[in-house]
Amino acid sequence: MIAVAVAGAAGRMGQAVCAAVEGAPDMELVGRADPALGTTLAEVLGAAEVVVDFTRPDTALPNALACIEAGVHVVIGTTGFDQGPLADARPAPGRPPANVLIAPNFAIGAVLMMRFAEQAATHMQKAEIIELHHDGKLDAPSGTAVRTAELMARATGGEAPPIHSVRLPGLVAHQEVILGDLGQTLTIRHDTINRESFMPGVLLAVRRVGGLATSPTIGLEQLLF
Ligand SMILES: NC(=O)c1ccc[n+]([C@@H]2O[C@H](COP(=O)([O-])OP(=O)(O)OC[C@H]3O[C@@H](n4cnc5c(N)ncnc54)[C@H](O)[C@@H]3O)[C@@H](O)[C@H]2O)c1
């Protein structure tokens, strides 16, 4: 059994992750950290082998550093924070090594969208990205859009495509990559209809984070392809 604690457990994603962990036969939910529940991450760290973080852009980094220091693996879904300091973070003396897996999107369809966009970018002249999310999302542009643009720029050796952000009630998480060339366009679109879409990817990350060859590892695609 993998002992899992969830940071942001009272949030939209955190609640879904807690339910998914409770439903997984090989995992045990050992802690729910969230100011809304009156429980800090420090209080649940001692019991956890893996922490899953779906919090806020301003708390994801301090949370992850606390996990690494305690020798607890961390799976980060939170977007819109500076990941740089994680590369140099080390456990406190006497604590075991801890791995970090960061994925801007845990939905398999979104990972495939990014991959197809990366491939298409090398064949068509120009592209732009439109990402659309619910109006409670704190960061813009989305981590998925930023990652898609990075992958496309790396594939072409050119500039990252422009990103347009839409925030409206009624939306969950959606992205279109529109590529244009002489007399034609190609649109690659992914729609997250509900948050269950992310759960198989989150559970896969929990199962695999302890065995990563490099840390931090960025992108669910590193586990899938
Ligand atoms: N990677 C993905 O696949 C994916 C998918 C959806 C959302 N997200 C990202 O996940 C994050 C959370 O999204 P959400 O919609 O669940 O947000 P939310 O606002 O519903 O939930 C965030 C929760 O974090 C809690 N929190 C704040 N500070 C905390 C701390 N220090 N320790 C523990 N908990 C703390 C808040 O009280 C809140 O309950 C966002 O960054 C969002 O962009 C990622």
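Both counts, for ligands and for their atoms, begin at 1 and track the order of listing.
With hydrogens and angles disregarded, a donor-acceptor distance shorter than 3.5 Å links the side chain of Gln15 to the backbone of Ala10. Proximity of a side-chain donor or acceptor of Thr214 to a complementary backbone N or O of Thr217 within less than 3.5 Å is not detected.
Listed by chain and number, the hydrophobic cluster partners of Val172 come to none, as no ILVMFWY side chain reaches under 4.5 Å of it.
Protein residues having a heavy atom under 4.0 Å from any atom of ligand 1 are Gly8, Ala10, Gly11, Arg12, Met13, Ala33, Asp34, Pro35, Phe54, Thr55, Arg56, Thr59, Asn63, Gly77, Thr78, Thr79, Ala103, Pro104, Asn105, Phe106, Lys137, Asp139, Phe198, listed by chain and number.
Glu131 pairs by the side chain to side chain donor-acceptor pair (under 3.5 Å) definition with His133, Ser165, Arg167, not counting sequence neighbours.
Checked against Ile68 for a side chain to side chain contact (heavy atoms under 4.5 Å, CB included), the options Leu86, Asn63, Asp88, Asn99 give a single hit: Leu86.
Judged as a salt bridge (Lys or Arg N to Asp or Glu O under 4.0 Å), the pairs with a partner in residues 214-225 (not counting sequence neighbours) are, in order, Arg147-Glu221.
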